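Presented below is the structure to which this report refers.
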2 protein chains.
Amino acid sequence: MRKENSTNAINEQFLFQVCELNSAIAMISGRWKSQIVYSISQGNNRFHLLKKELPNISEQVLGRQLRELETHAIIIKREIPETVPSGIEYVLTNKGIDLVPVLEKLCDWGKTYADGKAIAVCSDLINSSR
Amino acid sequence: MRKENSTNAINEQFLFQVCELNSAIAMISGRWKSQIVYSISQGNNRFHLLKKELPNISEQVLGRQLRELETHAIIIKREIPETVPSGIEYVLTNKGIDLVPVLEKLCDWGKTYADGKAIAVCSDLINSSR
DNA sequence: GCAATAGCTAACAAAATTGTGAGCCGCAAA
DNA sequence: TTTGCGGCTCACAATTTTGTTAGCTATTGC
């Protein structure tokens, strides 16, 4: 996100002010990002573990997304103490931890309406008019 | 989203298969989109009402986002019966209605951690190591 | 020494999203 | 009959996101 004062950036800011919903979505959208958060919450909290989980991701992209998640204070990068080749792990902040159940809600919603099952307008509306 | 079999599109598909979470996020991310859903749920269910609510949006963009929301079966477009200049309204489907509380959860999460307040790793982790 | 593992990053290219300019239809009021 | 509202859409340009190529440090194992 290399901003400027383009219309795009201005509109983004506008939405951020309308409701935190928009900044929340900005933080979790982006390819791989929420999947990374979820994977970390499941224990895949090291660079190489994430790489294994997401076989198609390139290291550059993974590093970039991790940095962004760190910027948004969803995760924190830590050296694992007392490891000789000095490992790095990613830990969810409390912000990140609170995000997980919300992601699960989103996931449930996605599952419920996967494919195209059971889509309808609010009952009475379907069988009226055209 | 004019897909192809670009790496980008392939990775998107990969994530969709990993978890519905990713398809859910793909449906609600995108500038204005979730704000539109929320606005419709609040009663701003006509083109011109949405335009008023979102002063910076261009009509082209609004129309496009509405179309995408329709494609994802989150909203449905209906003619309002018995109106003489034949008005159009947008109605949330049950899928859309179920989405609203999830958006509210996201919003709450965003509010809780707005600015940079109270970010910390899981208690004990802060005051250890470097 | 040489390869492998872990953990990255910069610079660039490709693809996707977002915004702009212009225009179109039907209807109604002035 | 011209203006204005409501409701859009197309083609194109600007911006942003995503992916690629190449590299770099440090340590372990052979």
Side-chain angles (χ1 to χ4, degrees), chain A residues 1-15 22 25-36 44-71 75 77-80 82-90, chain B residues 1-15 22 25-36 44-71 75 77-80 82-90:
Chain A
M1 285 201 189
R2 38 170 181 137
K3 313 271 173 81
E4 282 172 65
N5 41 8
S6 60
T7 308
N8 190 332
I10 292 167
N11 284 344
E12 191 176 41
Q13 285 307 122
F14 168 78
L15 283 171
N22 298 296
I25 287 178
M27 282 186 255
I28 62 169
S29 58
R31 184 80 75 252
W32 312 102
K33 218 170 278 176
S34 48
Q35 188 60 49
I36 290 171
N44 294 306
N45 59 346
R46 309 259 322 244
F47 201 91
H48 65 283
L49 293 174
L50 288 165
K51 231 169 61 177
K52 224 179 290 170
E53 271 249 313
L54 309 168
N56 298 308
I57 203 171
S58 79
E59 303 190 350
Q60 208 288 336
V61 174
L62 177 54
R64 188 155 58 203
Q65 300 302 67
L66 286 168
R67 223 183 310 142
E68 279 176 38
L69 287 169
E70 229 194 316
T71 304
I75 61 175
K77 193 174 172 173
R78 280 204 326 142
E79 265 187 61
I80 304 171
E82 295 171 57
T83 43
V84 181
S86 82
I88 301 279
E89 68 176 358
Y90 294 94
Chain B
M1 288 202 190
R2 36 170 181 139
K3 311 270 172 80
E4 281 172 66
N5 41 6
S6 61
T7 308
N8 191 330
I10 291 166
N11 284 344
E12 191 175 42
Q13 284 307 123
F14 168 78
L15 283 170
N22 297 295
I25 286 178
M27 282 186 257
I28 62 169
S29 58
R31 184 81 74 254
W32 313 103
K33 220 172 275 177
S34 49
Q35 187 61 49
I36 290 171
N44 292 307
N45 59 346
R46 308 262 317 247
F47 200 90
H48 65 282
L49 293 175
L50 288 165
K51 231 169 58 178
K52 224 179 292 173
E53 272 249 312
L54 309 167
N56 298 309
I57 203 171
S58 78
E59 304 191 349
Q60 208 287 337
V61 173
L62 177 55
R64 188 155 58 204
Q65 300 302 67
L66 286 168
R67 224 182 310 141
E68 279 176 37
L69 288 170
E70 229 193 316
T71 304
I75 61 173
K77 192 172 170 177
R78 282 206 323 143
E79 265 186 61
I80 304 171
E82 295 171 57
T83 44
V84 181
S86 82
I88 302 280
E89 69 176 358
Y90 294 94

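In this text, all values refer to a predicted model and were calculated from it rather than measured experimentally. Hydrogens, waters and symmetry mates are skipped; everything else that's a heavy atom, side chains included, is used. In what follows, chains are A, B, ... by sequence order, proteins preceding strands, each numbered from 1.
- Taking 4.5 Å as the limit, some side-chain heavy atom of A/W32 sits within range of a side-chain heavy atom of A/N56.
- OP1 or OP2 of D/dG6 has not a single side-chain nitrogen or oxygen of B/R46 nearer than 4.0 Å.
- Here D/dT18 presents its C1' atom at 17 Å from CD of A/Q35, a figure rounded to the nearest Å.
- Look at CZ on B/F47: it is 16 Å from C1' on D/dG4, rounded to the nearest Å.
- Residue A/K77 is classed as a sugar-phosphate contact, given heavy-atom separations below 4.0 Å to backbone atoms only.
- The OG atom of B/S58 lies 8.0 Å from the CG atom of B/L62; values are rounded to the nearest 0.5 Å.
- Atom-to-atom, CD of B/E59 to P of D/dA11 comes out at 18 Å; the value is rounded to the nearest Å.
- Nearest-nucleotide assignment on DNA chain D puts the 5′-proximal partner with B/I80, out of A/R64 and B/I80.
- The shortest heavy-atom contact between A/F47 and A/E59 is CZ-O, 3.8 Å.
- Ranking C/dT20, D/dT18, C/dG7 by closeness to the B/Q60 side chain, first place goes to C/dT20.
- Note on B/E89 versus B/R46: no salt bridge recorded, every NZ/NE/NH1/NH2 to OD/OE distance being 4.0 Å or above.
- Residue contacts for B/T7: at a heavy-atom cut-off of 4.0 Å it reaches the sugar-phosphate backbone alone, with no base atom in range.
- Look at CZ on A/R78: it is 14 Å from P on C/dG7, rounded to the nearest Å.
- Listed nucleotides D/dG6, C/dG7, C/dA15 differ in distance to A/I88; the shortest reach to its side chain belongs to C/dG7.
- In this entry the distance linking CG of A/N8 with P of C/dT18 reads 7 Å, nearest Å.
- Between B/L62 atom CG and C/dG21 atom C1' the separation is 17 Å, expressed in whole Å.
- Looking at B/L15 and B/I25, their side chains never come closer than 4.5 Å, going by heavy atoms from C-beta outward.
- Between C/dC8, C/dT18, C/dG19, one nucleotide has an atom nearer to the side chain of B/Q65 than all others, and that is C/dT18.
- One atom, CD of A/E79, and another, C1' of D/dA26, lie 12 Å apart when rounded to the nearest Å.
- For the pair B/W32 and C/dG19, the criterion of a side-chain N or O lying under 4.0 Å from OP1 or OP2 is met.
- Listed candidates were D/dC8, D/dT16, C/dG19. Nearest to the side chain of A/S6 is D/dT16.
- Residue whose closest nucleotide on DNA chain C sits further toward the 5' end, between B/G30 and A/H48: A/H48.
- A sub-4.0 Å separation between OP1 or OP2 of C/dT9 and a side-chain N or O of A/R67 is present.
- Each of A/Y90 and A/N11 was assigned the nucleotide of DNA chain C with the nearest heavy atom; the assignment lying further toward the 5' end belongs to A/Y90.
- Between the P atom of D/dT18 and the CD atom of B/Q13 lies a distance of 15 Å, rounded to the nearest Å.
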